[in-house]
J.: 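Below is the structure I would like to discuss, written out as structure tokens.
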There are 2 protein chains.
Amino acid sequence: MKYALNRNIFNLVLKIVDNMADDAPMSETPTLAEKVSTELTTAIVRGELKPGARVSEQMLVEKYGGSRAPMREAIQKLEARHLLIRIPHAGARVVSLTLAELRDIYEVRVELESMACRLAAERMTDVEIAELQQLLQNHEDSIKAEQGQSYYQKAGDLDLHYRLIRGSKNDRLHQMLCGELYHLVRMYRYQTSTSEKRPLQALQEHQRIVEAIAARDAELAELLMRRHIQTSLRNLEQLLAEEEGRA
Amino acid sequence: MKYALNRNIFNLVLKIVDNMADDAPMSETPTLAEKVSTELTTAIVRGELKPGARVSEQMLVEKYGGSRAPMREAIQKLEARHLLIRIPHAGARVVSLTLAELRDIYEVRVELESMACRLAAERMTDVEIAELQQLLQNHEDSIKAEQGQSYYQKAGDLDLHYRLIRGSKNDRLHQMLCGELYHLVRMYRYQTSTSEKRPLQALQEHQRIVEAIAARDAELAELLMRRHIQTSLRNLEQLLAEEEGRA
DNA sequence: AATCTGTATTTTGTATACAATCTTGGACTA
DNA sequence: TAGTCCAAGATTGTATACAAAATACAGATT
């Protein structure tokens, strides 16, 4: 029962982040290749397909139906998102990030998201900022109400980051962050683990960030966001070190 | 004669930048799809295929030979690089950037390249920095020798930026800058025009940047690079305004 | 004249077949 | 035992054919 609830919340979180990376046309009659590529994406992000696992065209045909042509296209789409790595004549594998590569990704993410925060402070409308404050108020209430429901906090965390990125009003920036980097971060679930550890601290950091934005203090907002993500990077590295020691 | 020389230099420049974006496997037996995708890329960057032009699979078959399957794959590769925009059932067109989109791209580029410069100041080896200084010395000599050969300066400009990006030792950063953003910047040739206008000023800015890196002053290096690119952005906007007025 | 509509054409999406290449497993050798 | 080589099997790259969708154009209508 409790697990079932958590799974629902987990799906909610996935949905929110999926909306962040809403690069799929979502047309009325989606192509088979599109359907398969979105299914494959969630399968990889959820860990049903583990890093390093081979993804052959035949396998996808058996799993999703259809012929090899659309499967091939789906694989190529995921290669473009850096979720699969394709080697000519040899096939595709789920990307398997080394620690160094994950650090590289976080390094870029820190830079781009703090930039997004700076731009958001300059460009968000007053209405959008008010909605931001409302969102944080809701988070605070839910945290005070149920200490254990860290999933809500995680969803809120993602939602806030999402709004700030959109608030930058820079579509290319949004595309790079949500369409490329976040998939990989999600996939390793590190973000999940880390944010669970410090829900209240994260909320306070968020509050300061939104305060800075409300004051239109772009420099401060950028600095605070930079620290906020760098903290989560340090948590991530600590987690990796622990996992390394265990293995 | 003079034009032929310039064309050669232009090709040299293209080659240098192509190396920057060396994301193609370049295997011994390249796939037809790979060959077509690289050819298509240079065709678009050179302007042989103009923004907004349709790129049908049949057209590629007639131009490059083979069947539709590899052409489809080549089109998808260029879609991943944001050089083509594909609409389901409707086909692909060469991307046509609005002024706002180009500003977005430059905004991200400023952030990422100044970041790369900061990291380069921290991570480049002394040998690499010495090579950087040698490169600048060569540029200075060639500028003093032949004032008119601005193409050399452009190639040198790109070469320097390339080395700094590599010097960040962050593969993901390199990939995003060279594999995605630069193609688009190149395509519009704005970079070309702007750097032609101020070869000496650019050289001086480069010298200060490299000085900061040699002093391992990462903050200063980042700041200088940020200003350097922001200047070129301002030049770009000015050029666009002029073109707007002319049209 | 401009707009709408329906048909014909073109183009893409998908399925299937064949050729080229890689992977896997085992036998063989040093 | 470790490494190499080779052949069978599996997988991808490419070609061709058909179905579905969008585009283009001609004709009708207001």
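In what follows, every heavy atom counts, from backbone to side chain, and hydrogens, waters and symmetry copies are set aside. Every chain is numbered from 1 and lettered A, B, ... according to where its sequence line falls, protein lines coming before strand lines.
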J.: In whole Å, what is the span from the CZ atom of B/Arg86 to the C1' atom of D/dA21?
T.: 14 Å

J.: Residues from residues 58-75 of chain B sitting under 4.0 Å of DNA chain C, heavy atoms only?
T.: B/Arg68, B/Arg72

J.: Pick from B/Ile165, B/Asn170, B/Val185: which one makes a side-chain contact (heavy atoms from CB on, under 4.5 Å) with B/Leu177?
T.: B/Ile165

J.: Which whole-number value in Å describes the distance from A/Glu57 CD to C/dT21 P?
T.: 17 Å

J.: Of A/His89 and A/Leu32, whose nearest nucleotide on DNA chain C comes first from the 5' end?
T.: A/Leu32

J.: Would you give the length of the straight line joining atom CD of B/Glu128 to atom CZ of B/Arg163, rounded to the nearest 0.5 angstrom?
T.: 9.5 Å

J.: Whole-Å distance between D/dG13 P and B/Glu34 CD?
T.: 9 Å

J.: So that I can tick it off, tell me whether A/Glu107 and B/Lys169 are bridged by a salt bridge, with the cut-off set at under 4.0 angstrom between side-chain N and carboxylate O.
T.: no

J.: Could you state the interatomic distance from CD1 (A/Ile105) to CZ (B/Arg172), rounded to the nearest 0.5 Å?
T.: 4.0 Å

J.: For a quick check under 3.5 Å, do A/Arg81 and A/Thr41 share a side-chain donor-acceptor pair by atom type?
T.: yes

J.: Could you state the atom-to-atom distance from CZ of A/Arg93 to C1' of D/dT12 in whole Å?
T.: 14 Å

J.: Taking only the side-chain heavy atoms of B/Arg54 (C-beta and beyond), determine which of D/dG13, D/dT23, D/dA21 contains the nearest atom.
T.: D/dT23

J.: Against the six-membered ring of B/Tyr182, is B/Arg186 placed for a cation-pi contact (under 6.0 Å from the centre, within 45° of the normal)?
T.: no

